[in-house]
Q: 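Input: one structure, supplied below.
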Amino acid sequence: MLFKVEMKVNLPTDMPAEVAAEIKAREKAYAQGLQEKGKWRHLWRVAGSYANVSIFDVEDNAELQDLISNLPLFPYMDITVAPLCRHPSSIHEDDR
Ligand SMILES: O=C(O)CC1=CCC(=O)O1
């Protein structure tokens, strides 16, 4: 199942820089691991903001919830999720 996930990061302004850097490093490692597994298909920066638009490919809603809630930045993000289905005009056979 494919989901569009939008994540907006809101780190507290008073968070020490070294704490923020450590969380971001763990987030990067976690995100890259999920990309290598094919679970996190696309990861795009939204230009001009500390936000991303991502496409997740998961078994079900429960797996998406598990993956997202384990993001190191999860406590500091506003997240919106939308389920996706194949567009009838898509030429990409693997979009399902
Ligand atoms: O920077 C972001 O948009 C938050 C984030 C998600 C995966 C990652 O490495 O950073």
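On a predicted model such as this, the values are computed, not experimentally measured, just so you know. Just follow the structure's listing: the first ligand is 1, and inside any ligand the first atom is 1.
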Q: Are there any N/O pairs under 3.5 Å between ligand 1 and the protein, and if so, what are their distances?
A:
from     : atom 1 : to    : atom 2 : distance (Å)
ligand 1 : 1 (O)  : Arg45 : NH1    : 3.3
ligand 1 : 1 (O)  : Arg45 : NH2    : 2.9
ligand 1 : 3 (O)  : Arg45 : NH1    : 2.7
ligand 1 : 3 (O)  : Asn52 : ND2    : 2.9

Q: Within the structure provided, determine whether Gln35 and Leu43 are in side-chain contact (heavy-atom separation under 4.5 Å).
A: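 A side-chain contact exists here, since the closest heavy-atom pair is under 4.5 Å.
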Q: Which heavy atom of Glu59 sits nearest to which heavy atom of Met1, and what is that distance?
A: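 Closest heavy-atom pair between Glu59 and Met1: O-SD, 3.3 Å.
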Q: Verify the cluster assignment for Val81 and Val46: are they in a single hydrophobic cluster under the rule of side-chain heavy atoms below 4.5 Å apart?
A: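 No; Val46 is not reachable from Val81 via cluster members.
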Q: Ignoring hydrogens and angles, tell me if any N or O in the side chain of Ser90 forms a donor-acceptor pair with the backbone of Arg86 under 3.5 Å.
A: no
Q: Examine Phe74 and Trp40 and state if one hydrophobic cluster contains both, with Ile, Leu, Val, Met, Phe, Trp and Tyr joined whenever side-chain heavy atoms are less than 4.5 Å apart.
A: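 Linked, Phe74 and Trp40 end up in one cluster.
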Q: Among Arg26, Lys24, Lys28, exactly one meets side chain to side chain contact (heavy atoms under 4.5 Å, CB included) together with Pro72. Which residue is that?
A: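 Looking at Arg26, Lys24, Lys28, the match for Pro72 under the side chain to side chain contact (heavy atoms under 4.5 Å, CB included) is Arg26.
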